[in-house]
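Worksheet: one structure, shown below.
In this chain, numbering begins with 1 at the start of the sequence shown.
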Amino acid sequence: AEQPVADKLLKSFLAISLSLTFLLLSIGVSNAEIMEVAREDRGRTIYLRPEIHWPPGTGPFGVVIVVNSSAGPKDAFLTVSIEPLTKAGIAVATLDTFTPRDVQATAVNQKLVSSTQMALDALFVAEALRRNSRVRPDKIALQGQSKGGVTALHAATEGWRQFVRTTKQPFDATIAMAPSCELQFRDPMLVSPLFALMGEKDDNTLPGPCVKLFERMKSAGQPVVWE
């Protein structure tokens, strides 16, 4: 008589475990989704697949597009940025710009994917997000660190927009962490508010050139804040 009871308990346990598994999967599906955005790049069509992580609720939400660094899909910021932003009620679209180009990393050769290509990728994704009913079209920001920080800095700069001749709607805010500022445009004008975060002792992306650039921007009355 003990064996049937044990079998029943085991079956009940398995049923509960399966139910919880399906519940967790359904929660994951409802709070994250992959969007496909096609664009032409250097004579071929690439397919960007940003992963959108939604906060609880129906929205509409502001969105921060987090673009990768030279580490590509292994950039830790593509992961660690999600929880604090979604907890604050902000959606996160993580954007790996390397995989669609069959590139894993660019630390050894930065020419494999340029920051200009990455910034244009982000603008195409922002354009697609604005058509989503769960997104506030006037609250889309771009965040990046290191190579991604250069990407964000370019996207915020009027000189870069003129250089690439883009007419796409600018971001509503940009966040550049540890950007490299050796390349600067003469025009210090910004098309969106910029926040920059740098490391005083960073010997890879030196803060000095960036501070001089941001001081020029500030002197021109531009909306820039840096730390």
Side-chain angles (χ1 to χ4, degrees), residues 39 41 50 61-70 75 77 81 84-85 88 90-95 97 106 110-111 113-130 135-227:
R39 87 170 187 89
D41 177 64
F61 304 105
V63 181
V64 175
I65 299 173
V66 179
V67 69
N68 61 276
S69 66
S70 297
D75 181 2
F77 279 84
S81 301
L85 288 170
I90 302 169
V92 180
T94 55
L95 177 58
T97 63
T106 61
Q110 296 290 355
K111 293 180 180 180
V113 183
S114 72
S115 54
T116 283
Q117 288 174 287
M118 294 166 64
L120 288 171
D121 289 349
L123 285 171
F124 272 85
V125 170
E127 185 176 64
L129 285 169
R130 290 189 182 96
V135 171
R136 289 189 58 178
D138 61 337
K139 296 291 181 183
I140 298 181
L142 176 63
Q143 172 190 307
Q145 65 99 10
S146 194
K147 188 179 181 74
V150 178
T151 297
L153 182 58
H154 283 351
T157 306
E158 176 60 32
W160 176 82
R161 289 178 61 84
Q162 292 177 4
F163 173 71
V164 298
R165 299 180 180 178
T166 183
T167 57
K168 291 193 177 298
Q169 183 174 335
F171 292 97
D172 300 292
T174 44
I175 304 157
M177 296 184 288
S180 171
C181 300
E182 276 73 13
L183 173 63
Q184 300 183 13
F185 293 94
R186 291 182 180 177
D187 185 353
M189 307 304 284
L190 294 171
V191 294
S192 62
L194 170 65
F195 172 71
L197 185 64
M198 299 165 290
E200 182 180 1
K201 296 182 179 180
D202 189 341
D203 59 1
N204 186 26
T205 52
L206 303 177
C210 289
V211 171
K212 291 181 180 179
L213 171 62
F214 300 149
E215 287 175 344
R216 281 203 302 130
M217 290 176 172
K218 196 73 173 179
S219 296
Q222 298 305 290
V224 56
V225 176
W226 67 93
E227 292 185 5

>> Any non-hydrogen side-chain atom of Ser70 less than 4.5 Å from a side-chain atom of Gln110?
In response: yes

Which donor-acceptor pairs under 3.5 Å do side chains of residues 148-160 form with protein atoms, sequence neighbours excluded?
residue : atom : partner : partner atom : Å
Thr151  : OG1  : Lys147  : O            : 3.0
His154  : NE2  : Ser115  : OG           : 3.4
Thr157  : OG1  : Leu153  : O            : 2.6
Glu158  : OE2  : Gln162  : NE2          : 3.1
Trp160  : NE1  : Thr116  : OG1          : 3.0

>> For the CG atom of Leu95 and the CD atom of Gln143, what is their distance to the nearest 0.5 Å?
In response: 12.0 Å

> Taking all non-hydrogen atoms of both residues, which atom of Leu123 and which atom of Thr166 are closest, and how far apart?
Replying inline: CD1-OG1, 4.2 Å

> Taking atom OG of Ser192 and atom CD1 of Ile140, what is their separation to the nearest 0.5 Å?
Replying inline: 12.0 Å

> Of the non-hydrogen atoms in Ile90 and Gly62, which two are nearest, and what is the gap between them?
Replying inline: CG2-O, 3.5 Å

> Which distance, rounded to the nearest 0.5 Å, do you find between the CZ of Phe195 and the CD1 of Ile175?
Replying inline: 8.0 Å

> What pair of heavy atoms forms the shortest contact from Phe171 to Arg130, and how long is it?
Replying inline: CA-NH2, 4.4 Å

> Which pairs pass side chain to side chain donor-acceptor pair (under 3.5 Å) with one or both residues in residues 170-189, sequence neighbours excluded?
Replying inline: Ser180-Glu182, Gln184-Arg216

> When rounded to the nearest 0.5 angstrom, what is the spacing between OG in Ser81 and CD1 in Ile65?
Replying inline: 13.0 Å

> Who pairs with Arg161 by salt bridge (charged side-chain N to carboxylate O under 4.0 Å, His left out), at least two apart in sequence or on another chain?
Replying inline: none

> Is there side-chain contact between Thr97 and Gln117, with at least one heavy-atom pair below 4.5 Å?
Replying inline: no

>> Tell me whether Asp75 contacts the main-chain N or O of Ser69 through its side chain, where contact means a donor paired with an acceptor under 3.5 Å.
In response: yes

> Thr205 side chain to Ser146 main-chain N or O, any donor-acceptor pair under 3.5 Å?
Replying inline: no

>> Under the rule for salt bridge (charged side-chain N to carboxylate O under 4.0 Å, His left out), what residues qualify as partners of Lys168, not counting sequence neighbours?
In response: Glu127

> Taking atom SG of Cys210 and atom CE of Met217, what is their separation to the nearest 0.5 Å?
Replying inline: 9.0 Å

Enumerate donor-acceptor pairs with a distance under 3.5 Å from any side-chain N or O in residues 219-227 to protein atoms, sequence neighbours excluded.
residue : atom : partner : partner atom : Å
Ser219  : OG   : Glu215  : O            : 2.9
Gln222  : OE1  : Leu190  : N            : 2.7
Gln222  : NE2  : Ala220  : O            : 3.3

>> Suppose we screen for salt bridge (charged side-chain N to carboxylate O under 4.0 Å, His left out). Which residues come up paired with Asp121, at least two apart in sequence or across chains?
In response: Arg39, Arg101

> Can you tell me how far the CG atom of Leu194 sits from the CG atom of Leu142, to the nearest 0.5 Å?
Replying inline: 10.5 Å

